2 protein chains.
Amino acid sequence: MSSNRDWTDAFPPLRQLPAEIFSQLREASLIVELPEGSRIFGPGQAPESFLLLLDGTIRVQQTSESGREIVLYRVQAGESCALTTACLMGYEEYQAEGIAETPIRAVAIPRALFDRLIATSRDFRQFVFTAFSRRVTNLFRVIEEVAFERIDVRLAQKLLELAGAKQQVVATHQDLANELGSAREVISRQLNEFARRGWLRVARGVVEITDRPALARLAQHG
Amino acid sequence: MSSNRDWTDAFPPLRQLPAEIFSQLREASLIVELPEGSRIFGPGQAPESFLLLLDGTIRVQQTSESGREIVLYRVQAGESCALTTACLMGYEEYQAEGIAETPIRAVAIPRALFDRLIATSRDFRQFVFTAFSRRVTNLFRVIEEVAFERIDVRLAQKLLELAGAKQQVVATHQDLANELGSAREVISRQLNEFARRGWLRVARGVVEITDRPALARLAQHG
DNA sequence: GAGGGTCTGTAACTAAGTCACCGAGACAGT
DNA sequence: ACTGTCTCGGTGACTTAGTTACAGACCCTC
């Protein structure tokens with residue numbers, strides 16, 4: 001059993017709460033653990049609580065009727081599912097779905113308590129609105145990129161993003177297509193073109209970056 | 001001078017407020033009027049208050065470097081600029097811009113008072129979150145359509161939406177392209193194709209719908 | 001009624017997505 | 001090791017969407 005020991009440390013705004021609410025928070029919220037691949041929420045599966053992610057990554061994506069997918073954003077450890085919550089509070093049908101990309105550990109704050117936190121704590125409000133704000137701003141960027149950016153530029157960006165500090169990205173061409181809302185064949189062609197230019201090497205399920213600067217140059221719109 | 005006479009009638013949640021806050025609301029908020037075409041907010045122009053729209057329409061759109069535009073959503077009378085506000089509260093740089101499509105009249109609730117309303121009134125929270133929820137859900141639809149829907153289907157949908165009950169849409173091809181984040185030539189071609197099929201007639205700056213059912217059939221994915 | 005601005009038409013081209021199919025590699029079971 | 005199956009990637013022909021670069025048509029004002 002995971003105890004509620006120390007998790008509030010990860011969320012400074014919570015430490016500012018009045019003692020009474022703070023103890024309610026420890027009592028009423030529970031720590032949930034879910035295996036990789038779990039569907040955290042999705043159409044017709046409204047979340048019943050506000051999630052604070054302690055460990056792991058949640059991928060939020062959308063699937064079209066034709067089966068094509070696009071990744072909207074990721075929730076990382078230390079962040080909250082703020083958009084989900086807003087939809088929860090607003091009763092609206094949430095269109096996207098959230099998948100655990102890794103095993104995850106999260107705090108689930110029940111709806112009623114969430115409402116009380118919002119009412120009570122200015123810091124908590126700030127925390128929630130900031131999270132909203134970041135997500136929405138990011139959504140705007142997604143729209144802009146899908147609508148106006150070339151696919152090679154977007155692919156270069158995404159490869160660098162997914163690689164992080166590492167030199168390789170573990171993903172199939174289909175996975176990359178799903179990231180960008182594109183089609184597998186398109187990604188395959190672009191990757192082969194990148195490989196032909198010596199920017200990377202492709203193997204089954206892996207892309208190994210060999211010329212980061214070149215990718216970066218293309219990514220920032222060159 | 002517009003007095004603060006009756007505007008709260010348009011927003012039922014406000015009527016539930018405690019008398020003290022309610023009178024503050026009447027005092028501290030002011031009614032603003034702006035002419036058509038005003039830029040309400042935009043990049044590098046953060047709104048300083050929460051807006052409740054009494055009359056008119058605000059178009060929220062995004063412009064790419066290359067000059068292409070896409071309409072994200074519209075704020076109608078009786079609604080609020082909830083997304084804007086979240087970004088305001090969260091200090092994030094707002095990427096989109098808001099333009100008055102008609103002369104508008106709105107109530108501007110200062111930031112501090114907005115915060116107090118959120119803290120005080122459950123109904124007000126519900127109101128704000130619901131508005132938020134609707135916008136976000138709508139943004140998800142925009143992403144899905146831009147990413148996955150055919151341009152002819154999207155154009156048919158948009159024409160029906162813009163026409164409303166009327167039989168005509170007053171807009172140039174460029175305007176329609178900006179609605180959808182597409183290019184003028186593409187829209188011209190599609191409109192001519194629709195005209196060839198007898199679904200509409202095009203004139204300079206006007207599209208007259210002659211076969212609504214046909215457009216509707218295409219719009220709902222046919 | 002001339003000139004300038006806005007709006008639309010057109011053609012040739014590039015980029016992106018779709019369709020249909022294939023073959024190579026991985027892997028499990030016998 | 002052999003075989004069947006499944007996933008992954010390659011390929012070519014095709015359609016759709018967006019781009020580039022014009023040319024006219026319409027409209028308003030002077």
Side-chain angles (χ1 to χ4, degrees), chain A residues 37 62-70 142-159 168-197 200-208 218 221-222, chain B residues 37 62-70 142-159 168-197 200-208 218 221-222:
Chain A
Q62 209 169 16
T63 307
S64 78
E65 302 150 23
S66 60
R68 274 173 64 190
E69 294 182 5
I70 183 168
V142 171
I143 291 177
E144 187 172 359
E145 281 171 7
V146 171
F148 304 133
E149 205 66 82
R150 291 173 53 98
I151 196 70
D152 52 355
V153 174
R154 295 176 57 211
L155 178 57
Q157 289 171 352
K158 187 56 81 172
L159 285 173
Q168 55 164 26
V169 176
V170 178
T172 66
H173 298 182
Q174 185 63 63
D175 290 339
L176 293 170
N178 290 347
E179 290 284 334
L180 300 174
S182 178
R184 199 256 314 162
E185 297 88 327
V186 174
I187 300 303
S188 290
R189 283 199 276 261
Q190 295 295 335
L191 285 177
N192 289 336
E193 175 60 21
F194 289 175
R196 197 188 61 72
R197 296 185 199 164
L200 45 77
R201 270 192 301 265
V202 292
R204 194 184 173 88
V206 183
V207 175
E208 192 181 349
L218 178 59
H221 124 260
Chain B
Q62 209 168 17
T63 306
S64 78
E65 301 150 23
S66 61
R68 275 173 65 190
E69 294 183 5
I70 183 168
V142 171
I143 292 178
E144 186 173 359
E145 279 171 8
V146 172
F148 304 132
E149 205 67 82
R150 292 174 51 100
I151 196 71
D152 53 354
V153 173
R154 295 176 58 211
L155 178 57
Q157 290 171 350
K158 187 56 81 173
L159 285 172
Q168 56 166 25
V169 176
V170 178
T172 66
H173 298 182
Q174 185 64 62
D175 291 339
L176 293 170
N178 290 347
E179 290 283 335
L180 300 174
S182 178
R184 199 259 312 161
E185 296 87 331
V186 174
I187 300 302
S188 291
R189 282 200 281 261
Q190 295 295 335
L191 285 176
N192 289 337
E193 174 61 20
F194 288 175
R196 199 187 60 72
R197 296 185 199 163
L200 45 77
R201 269 192 301 262
V202 292
R204 195 184 171 87
V206 183
V207 175
E208 192 181 348
L218 178 60
H221 121 260

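Here is how names work: the chains are called A, B, and so on, in the same order as the sequence lines, proteins then strands, and each is numbered from 1. Just so we're clear, the structure is a prediction, and the values are computed from it rather than from any experiment.
One donor-acceptor pair, N or O on each side, does fall under 3.5 Å between the base of C:dC19 and the side chain of A:Glu185.
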Chi angles and distances behind the side-chain contact (heavy atoms from CB on, under 4.5 Å) call for A:Val146, A:Arg154: CA-CA 9 Å; A:Val146 171; A:Arg154 295 176 57 211; 3.7 Å; yes
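Judged by distance alone, with hydrogens and angles left aside, the side-chain atoms of B:Asp175 form a donor-acceptor pair with the main-chain N or O of B:Thr172 at under 3.5 Å. In this structure, B:Arg201 contributes its side chain and B:Glu208 its backbone to no donor-acceptor pair below 3.5 Å.
Atom CG in A:Leu191 sits roughly 13 Å away from atom P in D:dT11 (whole-Å rounding). What separates CD1 of A:Ile187 from C1' of D:dT11 is a distance of 17 Å, to the nearest Å. Following rounding to the nearest Å, A:Asp152 (CG) and D:dG18 (P) show an atom-to-atom distance of 16 Å. Here D:dG18 presents its P atom at 10 Å from CD1 of B:Ile70, a figure rounded to the nearest Å. If you measure from atom CG of A:Leu176 to atom P of C:dG17, you get 14 Å, rounded to the nearest angstrom. Here D:dT11 presents its P atom at 13 Å from CD of A:Glu193, a figure rounded to the nearest Å. The separation between B:Glu65 atom CD and D:dT19 atom P is 13 Å, rounded to whole Å. Rounding to whole angstrom units, CD of residue B:Gln174 and P of D:dC26 are separated by 20 Å.
Along DNA chain D, the nucleotide nearest B:Arg150 and the nucleotide nearest B:Ala183 are compared for position; the residue whose nucleotide lies closer to the 5' end is B:Arg150. Comparing B:Glu149 and A:Ser188 along DNA chain D, the residue whose closest nucleotide (by nearest heavy atom) sits nearer the 5' end is A:Ser188.
Contact check, B:His173 against C:dC7: no side-chain N or O comes under 4.0 Å of OP1 or OP2. Distances shorter than 4.0 Å separate some side-chain N or O of B:Arg68 from OP1 or OP2 on D:dT19. Dashed line: the shortest gap from a side-chain N or O of B:Gln190 to OP1 or OP2 of D:dA17 is under 4.0 Å. B:Asn192 has no side-chain polar atom (N or O) that falls below the 4.0 Å cut-off from OP1 or OP2 of C:dT8.
Taking the side chain of A:Arg189 as heavy atoms from C-beta on, and the options C:dA16, C:dC7, D:dA13, the nearest nucleotide is D:dA13. Of the candidate nucleotides C:dT8, C:dA24, D:dT20, C:dT8 has the atom lying nearest to any side-chain atom of B:Thr172. The side chain of B:Ser182 lies closest to D:dG18 when the candidates are D:dA17, C:dG17, D:dG18. Considering only side-chain atoms of B:Val186, the nucleotide from C:dT18, D:dT19, D:dG9 that sits closest is D:dT19. Of the candidates C:dG9, D:dT19, C:dT18, C:dG9 carries the atom nearest the B:Arg184 side chain, counting heavy atoms from C-beta on.
Among the protein residues, A:Ala177 comes within range of no part of the nucleic acid, since none of its heavy atoms lies under 4.0 Å from any strand.
A salt bridge is defined here as a Lys NZ or Arg NE, NH1 or NH2 lying under 4.0 Å from an Asp or Glu carboxylate O, and B:Arg189 with B:Glu193 fails to meet this definition.
Looking only at side-chain heavy atoms (C-beta outward), A:Ile70 and B:Phe148 come within less than 4.5 Å of each other. Taking 4.5 Å as the limit, every side-chain heavy atom of B:Leu218 sits out of range of all side-chain heavy atoms of B:Leu155.
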